[in-house]
Amino acid sequence: MMTQTQTQQTHISGLDRLTVPQSPSGFLTLAVCAVLLGLQQAGLMDFPYLVSAVFLYGGSCQALTGLNEWRRDNKFGAVSLTSCGLMWLSLLPVLILPQAGLGKVPETSASAPYLLMWGMFCLILGYGSFSSHKLTGIIFMGISLLMVLTAANLAWPHPQLSQVTCAVGLVCGALSVFRGLTLIRKYVRENSAHHYQAEH
């Protein structure tokens with residue numbers, strides 16, 4: 001019979017699985033997209049086709065990973081990763097493809113509020129996941145700040161603002177890589193422990 005403490009621990013563990021994304025690929029591709037967006041806003045990545053390819057890969061990978069999180073009954077992970085994946089894909093016609101001459105550059109009055117709405121959405125994701133895993137919450141809040149700075153850079157272009165946007169993108173990327181590698185290490189340890197128990 002389980003004690004009350006064990007029951008509470010099991011319940012908390014279940015909440016963690018439901019609220020925190022547990023996919024290394026989701027965080028690693030999130031890192032790549034965040035870094036490239038920061039570099040692109042700072043004018044350090046003037047290759048729109050390359051950025052488009054990375055956004056297409058990263059966004060698709062995150063969306064598919066979110067569907068896998070849904071199959072694992074991780075609803076928050078599914079919503080966060082799927083939404084972020086589609087967000088990167090939606091930024092292609094807004095920020096990247098017009099630089100390659102594919103489509104018309106959207107009006108600032110339309111694109112800036114669009115980015116701000118994504119910033120608010122990522123802020124909600126960060127707030128929702130912060131209590132379960134602080135680093136995950138910080139990552140989503142950082143993505144929120146990146147979207148806000150990108151919108152501000154579109155409305156009021158300034159070299160210093162572009163540099164700050166780039167710095168935020170690099171920090172978000174570094175934190176996402178750390179989170180992804182931590183999850184990989186966790187899964188490797190768990191698999192090693194299962195193999196050891198099976199052999200003994």
Are any of the side-chain heavy atoms of Lys75 and Glu69 separated by less than 4.5 Å?
no

Decide whether Leu91 and Val32 are clustered together by the hydrophobic rule: side chain heavy atoms of Ile, Leu, Val, Met, Phe, Trp, Tyr closer than 4.5 Å, transitively.
yes

Which residues satisfy the side-chain contact (heavy atoms from CB on, under 4.5 Å) test with Met141, sequence neighbours excluded?
Leu123, Phe130

Quick one: list whatever passes side chain to side chain donor-acceptor pair (under 3.5 Å) with Thr65, sequence neighbours left out.
Ser25

Would you kindly confirm whether Leu116 and Tyr127 end up in one hydrophobic cluster when ILVMFWY residues are joined by side chain heavy atoms under 4.5 Å apart?
no

Straight-line distance of Leu37 CG to Leu146 CG, nearest 0.5 Å
4.5 Å

Interatomic distance, Met147 atom CE to Thr165 atom OG1 [nearest 0.5 angstrom]:
10.0 Å

Please walk me through it: do Ser23 and Leu183 pass side chain to side chain contact (heavy atoms under 4.5 Å, CB included)?
CA-CA 7 Å; Ser23 171; Leu183 288 171; 5.8 Å; no

For the hydrophobic clusters of this structure (ILVMFWY residues joined by side-chain heavy atoms under 4.5 Å, transitively), does one cluster hold both Leu95 and Leu149?
yes

Does Val168 belong to the same Ile/Leu/Val/Met/Phe/Trp/Tyr cluster as Val51, with side-chain heavy atoms less than 4.5 Å apart forming each link?
yes

Carefully, step by step, assess Trp118 and Cys84 under the rule side chain to side chain contact (heavy atoms under 4.5 Å, CB included).
CA-CA 9 Å; Trp118 275 117; Cys84 284; over 6 Å; no

Who else is in Leu67's hydrophobic cluster (ILVMFWY, side-chain heavy atoms under 4.5 Å, direct or via others)?
Leu64

Polar side-chain atom of Ser132 near backbone of Ser129 as donor-acceptor pair, under 3.5 Å:
no

Partners passing side chain to side chain donor-acceptor pair (under 3.5 Å) against Ser90 (at least two apart in sequence or in another chain):
Tyr114

Please name all residues satisfying side-chain contact (heavy atoms from CB on, under 4.5 Å) with Cys166, sequence neighbours left out, ordered by chain then number.
Leu39, Ala42, Leu44, Leu170

In Leu30, Leu28, Leu181, the residue satisfying side-chain contact (heavy atoms from CB on, under 4.5 Å) with Ser176 is Leu30

If you look only at pairs with a residue in residues 149-164, which of them pass as a side chain to side chain donor-acceptor pair (under 3.5 Å), with sequence neighbours excluded?
Gln41-Asn153, Asn153-Ser162

Using the rule that two of Ile, Leu, Val, Met, Phe, Trp, Tyr join whenever any of their side-chain heavy atoms come within less than 4.5 Å, decide whether Leu145 and Met117 are in one cluster.
no

Any Leu115 side-chain heavy atom under 4.5 Å of Val148 side chain
no

Side-chain donor or acceptor of Ser144 paired with backbone N/O of Gly119 under 3.5 Å
yes

With sequence neighbours excluded, tell me which residues meet side-chain contact (heavy atoms from CB on, under 4.5 Å) with Phe47.
Met45, Leu50

Could you check Phe76 against Leu125 for side chain to side chain contact (heavy atoms under 4.5 Å, CB included), going step by step and ending with a plain yes or no?
CA-CA 8 Å; Phe76 185 87; Leu125 294 179; 4.0 Å; yes

Side-chain donor/acceptor of Ser83 to backbone N/O of Ser80, under 3.5 Å
no

Considering residues at least two apart in sequence or located in another chain, which fulfil the side chain to side chain donor-acceptor pair (under 3.5 Å) criterion with Ser111?
none

Quick one, Cys122 and Met87 - any side-chain contact, counting heavy atoms below 4.5 Å?
yes

By the rule that ILVMFWY residues connect when side-chain heavy atoms come within less than 4.5 angstrom, directly or transitively, which residues belong alongside Ile124?
none

Do any side-chain atoms of residues 53-63 form donor-acceptor pairs under 3.5 angstrom with protein atoms, and if so which ones, sequence neighbours left out?
from, atom 1, to, atom 2, distance (Å)
Ser60, OG, Leu56, O, 2.7
Gln62, OE1, Trp88, NE1, 3.4
Gln62, NE2, Gly58, O, 3.3

Under the side-chain contact (heavy atoms from CB on, under 4.5 Å) test, residues paired with Leu175 that sit two or more places apart
Leu135, Ile138, Ile139, Val171

Could you measure the distance from the CG atom of Leu97 to the OH atom of Tyr49? Nearest 0.5 Å is fine.
8.5 Å

